[in-house]
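In what follows, a structure is listed as structure tokens, so that the remarks can point back to it.
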Amino acid sequence: MASSVEGSTQNRVLYRLTWLALVLSLGHHLDHLIRGNAVGWPVTDEVNAFTYSLVVYPIIATGLVLYHTGRVGPGFWALVSGGGAVFVAAVHFGPAAVEPPELIVDHYDRPILGWLVFGWLVAFVTVLAVTCLYETRLWAQQRRAGRAARPAAGAGNTR
Amino acid sequence: MTATSPPPGAGQPAVRPRPGSAVTTGGVGGAVVVVGARVGLWLGVQLGLAGLLILTGVADTAGQALDEAAGWWMVYGALVDLGTLGVIIWLLGRDGRSYRGLLGPPTTAWQLALGAAGVLAATVPAVVFSGELTSAIYGQDAIAPMFAVVDLPPWASVLSVLVVPLVAELAEPVAYLGVVLPRLERRLGRSWLAAAIVVALWAAEHALYPLLTSPGGGLDWGFAAYRVGSVLPFLAAWTAAYYALGRRLLPIMVARWVLNAGTAAALALGLIA
């Protein structure tokens with residue numbers, strides 16, 4: 001009973017974190033569109049990091065359906081969040097960043113707006129990384145519970 | 001969610017207290033005492049040291065004395081953390097609890113290693129933000145003033161690398177995440193609000209050290225504001241990671257130790273100049 005309550009709380013938190021990351025991602029893509037200095041297909045003809053990053057939306061939509069039907073677990077989300085964090089951090093923060101922070105901060109007429117969207121990006125990557133930590137913990141917890149359940153099921157099997 | 005329980009003994013109730021109850025977390029008064037002690041200690045130690053410098057003739061004015069004292073903040077920070085540890089231990093003794101209980105559920109070696117690596121990864125955006133803020137305020141490739149003012153003899157540098165970061169990890173995150181946060185959560189009934197207050201208080205504390213003077217005289221309030229702004233994303237990331245790791249403090253302490261000891265070592269070796 002207690003573990004079922006804990007499980008539903010964990011599910012709720014996982015869904016909320018997924019929706020939060022989705023909103024932050026949409027906001028970041030909106031910032032790209034407003035700035036117009038780092039966009040690609042379908043806005044322009046060029047296929048670049050912006051274009052590749054759009055794949056996250058079908059992944060999230062598919063993931064939500066599969067998670068709801070129990071076909072994927074927290075491990076799937078840990079890979080999506082972790083992969084997303086690495087991708088966005090590499091594009092914006094890495095030593096070979098194609099779109100470094102200056103391209104965001106200095107591109108708005110009002111500096112406060114530049115800092116706001118840069119702060120949004122920082123929050124976005126932090127949420128992805130922390131969400132990955134949470135999902136990895138749930139994943140490990142689930143695997144431990146699965147391993148513990150198997151011998152118990154085996155003990156009851158007299159054949 | 002804290003993994004503490006009262007010690008078994010005569011007169012203890014047979015029913016185990018609900019996690020997060022007053023018995024397991026203590027009242028909000030303890031949180032006020034811890035934060036108040038840290039604020040008082042930071043101010044007291046710096047003003048005391050500045051007064052000593054004036055009395056001994058090393059500095060002529062209060063501003064000069066504060067700036068001289070600021071060069072040692074990475075060492076005298078240990079006094080603040082030792083004082084904090086004293087307050088935490090006093091609170092634990094009063095409430096009949098253990099220090100280990102403040103660190104959260106048991107953490108295996110692989111949980112500690114993976115968790116600390118994850119916390120370090122989650123800290124990367126904060127490092128980038130802080131660097132950008134420093135460049136925007138103090139110029140491209142400028143060193144943050146709190147590091148630029150550090151001026152220590154070799155023995156003190158060794159202390160700032162080997163001892164001070166260790167003492168800081170035993171006191172600072174334990175004070176805010178292990179003592180203040182659960183008490184506020186219980187009082188407010190909303191974890192997100194308690195976490196936001198803790199992050200705000202924790203960030204505000206950073207405005208107090210080191211106390212620097214502005215070129216026009218008086219305290220450098222711009223630097224104090226910069227300190228709060230630059231440290232805010234770090235504290236938000238660590239507080240979020242604390243929840244994500246099931247309220248395990250050890251991975252956060254290890255990650256913070258790597259960052260703080262690494263920074264102190266880089267300063268001592270002249271890698272940040």
Side-chain angles (χ1 to χ4, degrees), chain A residues 2 6 9-10 13-14 16-17 20-21 24 28 74 77-78 81-86 88-95 97 99-106 111-112 114-141 143-144, chain B residues 1 16 18-20 104-137 140-141 191-192 195-196 199 226 229-248 251-252 255:
Chain A
E6 194 185 345
T9 305
Q10 289 171 344
V13 172
L14 195 146
R16 282 182 183 174
L17 286 170
L20 176 63
L24 288 168
H28 180 61
W77 289 114
S81 306
V86 169
V88 182
V91 167
H92 292 287
F93 304 151
E99 197 197 344
E102 300 84 59
L103 222 61
I104 301 170
V105 176
D106 300 338
I112 186 79
W115 279 98
L116 197 71
V117 293
F118 178 54
W120 183 284
L121 170 66
V122 167
F124 177 34
V125 183
T126 307
V127 164
L128 285 177
V130 171
T131 301
C132 176
L133 269 182
Y134 179 72
E135 289 155 348
T136 305
R137 181 168 70 84
L138 291 194
W139 188 12
Q141 207 170 303
R143 285 175 65 89
R144 263 203 315 273
Chain B
M1 288 285 277
R16 194 179 171 179
R18 196 169 59 85
T107 309
T108 59
W110 75 264
Q111 281 175 329
L112 184 62
L114 197 66
V119 173
L120 281 172
T123 308
V124 169
V127 173
V128 173
F129 181 88
S130 179
E132 284 300 312
L133 193 63
T134 306
S135 296
I137 295 175
Q140 198 65 39
D141 299 328
S191 290
W192 67 267
V199 170
Y226 154 79
S230 68
V231 83
L232 202 66
F234 286 89
L235 305 178
W238 293 332
T239 305
Y242 172 68
Y243 284 107
L245 294 168
R247 295 176 188 253
R248 285 176 178 83
I252 293 164

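Within every chain, numbering begins at 1; the chains are lettered A, B, ... in the order of the sequence lines, protein sequences first and strands thereafter.
Across every non-hydrogen atom of A:P101 and B:V128, the tightest pair is CG-CG1, 3.9 Å. Listed here is the closest heavy atom pair of B:A126 and A:V122: N-CG1, 4.4 Å. Across all non-hydrogen atoms, the minimal contact from B:A237 to A:V130 is O-CG2, 4.1 Å. Taking both residues in full, the closest heavy atoms of A:L133 and B:V119 are given as CD1-N, 4.2 Å, listed atom of the first, atom of the second, then distance.
There is no contact between A:A123 and chain B, counting heavy-atom distances below 4.5 Å. Contacts between B:W238 and chain A at a heavy-atom distance below 4.5 Å are absent for every atom of the residue. A:T136 touches chain B through its side chain: at least one heavy atom from C-beta onward sits under 4.5 Å away, while N, CA, C and O do not.
Ring geometry for B:F129 versus A:F118: interplanar angle under 30°, hence parallel rather than tilted (30 to 60°).
Each of A:V127, A:L121, A:T126, A:V88 was scored for a side-chain contact (heavy atoms from CB on, under 4.5 Å) with B:P125, with one residue passing: A:T126.
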